[in-house]
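Beneath this line is the structure, given in structure tokens, with notes to follow.
Keep in mind the model is a prediction, meaning the values are calculated, not measured. Below, chains carry the letters A, B, ... as their sequence lines are ordered, and counting in each starts from 1. The basis for the numbers below is simple: all heavy atoms, side chains too, and nothing from hydrogens, waters or symmetry mates.
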Amino acid sequence: MKFTRLHQWTTDIKEAARIQDNLSHFIEVKPSKKEYSLIAGADTAYSKKDNSVFAAVVVMRFPELVTVDRARAQTMANFPYQPSYFAFREGPVLIKAMQRLTVSPDVIMFDAHGIAHEKGIGMASHLGLMLDVASIGCAKKSLIGDYDEPANEMNATSPLNLKGRQVGTIIRTRVDVKPLFVSIGHKIDLETALELVIAATRGYRLPEPMRVAHILSNKMRRNYDGRLRGPGPYRMRQFE
DNA sequence: GCGACAG
DNA sequence: ATCTTGTCGC
């Protein structure tokens, strides 16, 4: 799939903040299509040896949830880990992987927040805009906003509010797991986003596309760090 | 000034 | 995110 280089990836926080201010106005919170037959999930993994970042994208036919395409990419992380600026750290490698897809998904789920962001443009929204595709923010932790813990029941939800406005929904996809923070990414509404998350979940905490992408990106990292470890004395178990 | 703080 | 062993439960 293609994308529009709306701006240059920067390393400067202030410039990144400026870019977010400019792009936030273009985020659409309404669906641009009615059917989603191809849903994708994306995730990244970090090397523990250097600044390598691995991205994996998995596209599945919906609602069957059969994988129809996958893509991977690797880059060096330039931007530092900085809450609220994830797009500048993981965006490059994720976009690179997306460009390698042979099919164009109708919606992409990111392991990040969408409009549940101080400037209303978390990575899910930011990348959805650059890729001009519907996107959903599906984070595992809170970034901003007030909320109550959902009941410990499958699909129990609770609103995520920010400045008196609901910017997302927290949902426990299965009993005894930490809930997910779902928010609009781009070109979609919260209700639809939540429906897709629920319909794409199959007994695990994460929706299938994201779960598989997570496993894939993690394999990439392990393979990289593993072979980078190279020859040498095997690390023996420490007894003291 | 202090606490919070996506991966 | 990654570092890490065992352990509790289905």
Atom-to-atom span, [atom1] of [X] to [atom2] of [N] - whole angstrom:
{"X": "A:F88", "N": "B:dG7", "atom1": "CZ", "atom2": "C1'", "value": "15 Å"}
{"X": "A:D225", "N": "C:dA1", "atom1": "CG", "atom2": "P", "value": "15 Å"}
{"X": "A:F181", "N": "B:dA6", "atom1": "CZ", "atom2": "P", "value": "10 Å"}
{"X": "A:L180", "N": "B:dA6", "atom1": "CG", "atom2": "P", "value": "15 Å"}
{"X": "A:N51", "N": "C:dT2", "atom1": "CG", "atom2": "P", "value": "14 Å"}
{"X": "A:D176", "N": "C:dC8", "atom1": "CG", "atom2": "P", "value": "16 Å"}
{"X": "A:I136", "N": "B:dA6", "atom1": "CD1", "atom2": "C1'", "value": "16 Å"}
{"X": "A:L162", "N": "B:dA4", "atom1": "CG", "atom2": "P", "value": "18 Å"}

Just to be sure I understand the rule, does [X] reach a base, reach only the sugar-phosphate, or reach nothing, if contact means heavy atoms closer than 4.0 Å?
{"X": "A:D43", "result": "sugar-phosphate"}
{"X": "A:D146", "result": "nothing"}
{"X": "A:R89", "result": "base"}
{"X": "A:Y85", "result": "base"}
{"X": "A:S142", "result": "sugar-phosphate"}

Any donor-acceptor N/O pair, A:S135 side chain to A:H186 backbone, under 3.5 Å = yes
What's the closest nucleotide to the side chain of [X] if the choices are [options]?
{"X": "A:P83", "options": "B:dC5, C:dT2, B:dG7", "answer": "B:dC5"}
{"X": "A:M123", "options": "B:dA6, C:dA1, B:dG7", "answer": "B:dA6"}
{"X": "A:H113", "options": "C:dC3, B:dA6, B:dG7", "answer": "B:dA6"}

Examine [N]: is either OP1 or OP2 under 4.0 Å from a nitrogen or oxygen in the side chain of [X]? Give yes or no.
{"X": "A:R221", "N": "C:dT2", "value": "yes"}
{"X": "A:N218", "N": "C:dT2", "value": "yes"}
{"X": "A:K141", "N": "B:dA6", "value": "no"}
{"X": "A:Y81", "N": "C:dT2", "value": "no"}

Within 6.0 angstrom of A:E64 CD, more than 12 heavy atoms from elsewhere = yes
Using a strict 4.0 Å threshold on nitrogen-to-oxygen distance, state whether A:K2 and A:D132 make a salt bridge.
-> no
Centroid-centroid under 6.0 Å between A:H126 and A:F110 rings |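 Ring-ring flag for A:H126/A:F110: false, centres at least 6.0 Å apart.
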Does A:Y81 have its ring centroid less than 6.0 Å away from the ring centroid of A:F86?
-> yes
